[in-house]
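The structure appears right after this line, and notes come after that.
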Amino acid sequence: MFSIIIPSYNRNLEVNRLLVSLEQQTAKNFDVIVVDDCSPNPLKIDRTFSFEVKLIRNEQNAGPAQSRNNGAKMATGEWLLFLDDDDRFDERKCQMIAETIEQNSTLNFIYHPAKCEMVNEKFSYVTKPINEQEISLERILLVNKIGGMPMIAIKKDFFWQLGGLSTALKSLEDYEFVLKAVSCPDFRPKYIDEPLSICAFHTKRSSVSTNTENTEKAIAMIGQQYVKTEQQAKNFAINSLYMLAYPYAMNLSRKAGYYYFKIFMLSHNVKHLMIAIVSSISPRLAINLKRYI
């Protein structure tokens, strides 16, 4: 029923640990496709599993969007699930999604919250997506209240109807894919109110660059494609600032406060002013605000 696609680059240990964790799924109704994004040391699968694992390798380093697309091309499952190599699925995920599909045969898109673990700060929080009745392009331009690729299941034929993930973007590919899905007249979503993915976040991680050049280019491309009205422009201006603030916040940089103050100037939301002030004083304390807001 499902093909789980895992892109990875030079993280052999993490991939094998992730595959071991998938043995805990209460329904083994899936196969797994690991996409090695041309790692200097090619990935190897250390053992066999109770589910099929296919390992494919990109001929050159292509990034996560192309890697996921390459995995989708090899998928035999009717539905696609996506995992990053340092994330995990709740052990009930495949079973619960299968039951949801069985009860709603016309669906082509399923999403759910994620449990986000702040590894260095030693706390976690659960995301709060909107339900399917609340979804609109305007809402998602303001903030992605659906989630990234590890929080969705999508029917394979709908994934390709949308053209897969954009390889023209070097940042925000997940977000653009959600906008593309929401904009499609054939979009038939269902929300499961359970945190079925566990996502790890590391502050001060070298892979989270504060070079926002790719993000700025992606914002310009997304704005040109999806923003058509004055309200959409206002919503996206706020969200753009949040997306620019994120790498600074994760690197514990006070510059995140600058972006949050600009958000406040547009939104007039006191919460944004509070985050701006706290980020300017103590970025680590600002991260810890996620425990409460």
Side-chain angles (χ1 to χ4, degrees), residues 6-22 24 37 39 41 43 63-64 67 82-91 93 112-129 143-152 170-175 194-215 218 239 241-263 271-293:
I6 304 170
S8 187
Y9 178 76
N10 220 32
R11 289 165 64 86
N12 199 80
L13 179 62
E14 289 83 354
V15 165
N16 280 278
R17 285 176 174 171
L18 174 53
L19 293 172
V20 169
S21 76
L22 289 173
Q24 304 302 314
D37 194 13
S39 302
N41 299 309
L43 298 180
S67 295
F82 298 89
L83 252 178
D84 293 336
D85 57 24
D86 55 355
D87 295 339
R88 297 291 183 269
F89 282 168
D90 182 282
E91 63 185 17
K93 176 162 178 167
H112 56 77
K115 180 182 179 183
C116 300
E117 295 184 338
M118 302 301 299
V119 176
N120 297 334
E121 289 71 27
K122 296 181 172 56
F123 76 90
S124 63
Y125 65 94
V126 175
T127 62
K128 299 175 182 178
V143 60
N144 181 4
K145 280 290 189 176
I146 288 178
M149 301 307 288
M151 296 80 149
I152 70 172
K170 303 303 180 186
S171 180
L172 309 180
E173 307 98 320
D174 290 25
Y175 177 51
E194 290 284 347
L196 298 178
S197 293
I198 300 95
C199 300
F201 291 88
H202 300 259
T203 50
K204 300 289 285 185
R205 197 171 195 174
S206 59
S207 60
V208 181
S209 172
T210 53
N211 184 343
T212 59
E213 181 180 354
N214 286 334
T215 303
N239 197 20
L241 290 167
Y242 172 77
M243 291 185 289
L244 290 168
Y246 176 79
Y248 291 103
M250 290 301 292
N251 276 288
L252 303 181
S253 167
R254 288 180 171 83
K255 191 169 181 179
Y258 162 79
Y259 286 105
Y260 273 107
F261 184 74
K262 292 186 73 172
I263 293 171
K271 180 181 80 171
H272 295 141
L273 178 60
M274 179 179 70
I275 296 172
I277 294 170
V278 175
S279 296
S280 300
I281 298 170
S282 172
R284 190 174 294 279
L285 179 58
I287 288 286
N288 276 271
L289 289 176
K290 282 191 172 288
R291 296 174 188 257
Y292 313 109
I293 60 175

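Not measured: the values here are computed from a predicted model.
The closest donor-acceptor contact from the side chain of Asp85 to the backbone of Val15 lies at 3.5 Å or more, if one exists at all. At distances below 3.5 Å, at least one donor-acceptor pair connects side-chain atoms of Asn144 with backbone N or O atoms of Ile146. The backbone N or O of Lys128 lies less than 3.5 Å from a partner atom in the side chain of Lys145, making a donor-acceptor pair. A donor-acceptor contact shorter than 3.5 Å links the side chain of Ser197 to the backbone of Pro150. Not a single donor-acceptor pair under 3.5 Å links the side chain of Asn120 to the backbone N or O of His202. Counting only distance, with no hydrogens or angles, the side chain of Asp87 and the backbone of Ala200 share a donor-acceptor pair below 3.5 Å. Listed for the Ser124 side chain is no donor-acceptor partner under 3.5 Å among the backbone atoms of Glu117.
Minimum interatomic distance between His112 and Ile152 (heavy atoms only, all atoms of both residues): NE2-N, 4.4 Å. Summarising the geometry of Ser67 relative to Pro7, their closest heavy-atom pair is CB-CB, 3.8 Å, with the distance given to 0.1 Å. Ser171 and Thr215 make their closest contact through OG-OG1, 3.2 Å (heavy atoms, listed as atom of the first residue, atom of the second, distance). The two residues Leu244 and Thr212 have their closest heavy-atom pair at CD2-CB, 3.9 Å. Closest heavy-atom contact between Arg254 and Ile281: NH2-O, 3.0 Å. The two residues Ala245 and Ala256 come nearest to each other via the heavy atoms O-CB, 4.0 Å.
Pro64 has its side chain within reach of Glu173: a pair of non-hydrogen atoms, C-beta onward, lies under 4.5 Å apart. In this structure, the side chains of Val278 and Leu289 come closer than 4.5 Å at one or more pairs of heavy atoms. Considering only heavy atoms from C-beta on, Ile287 stays 4.5 Å or farther from Lys290 through its side chain. Inter-residue side-chain proximity for Met243 and Leu172 is flagged as met; some heavy-atom pair is nearer than 4.5 Å. Residues Ile263 and Ile275 have side chains not in contact (no heavy-atom distance under 4.5 Å, counting atoms from C-beta outward). Residues Tyr175 and Asn239 are in side-chain contact: their nearest non-hydrogen atoms beyond the backbone lie under 4.5 Å apart.
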Report the C-alpha separation of Asn41 and Asn12 in whole Å, then their side-chain angles, then the decisive distance to 0.1 Å, and conclude whether the side-chain contact (heavy atoms from CB on, under 4.5 Å) test is met. CA-CA 9 Å; Asn41 299 309; Asn12 199 80; over 6 Å; no

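Ring geometry for Tyr242 versus Tyr260: interplanar angle over 60°, hence perpendicular rather than tilted (30 to 60°).
Heavy atoms of other residues, nucleotides or ligands lying less than 6.0 angstrom from CZ of Phe201 number more than 12. More than 12 heavy atoms of other residues, nucleotides or ligands sit less than 6.0 Å from atom OH of Tyr125. Within 6.0 Å of CZ in Arg291 there are more than 12 heavy atoms belonging to other residues, nucleotides or ligands.
Partners of Arg284 according to the salt bridge (charged side-chain N to carboxylate O under 4.0 Å, His left out) rule, which considers only residues two or more places apart in sequence or in another chain, are Glu121. With sequence neighbours excluded, no residue satisfies side chain to side chain donor-acceptor pair (under 3.5 Å) with Arg88.
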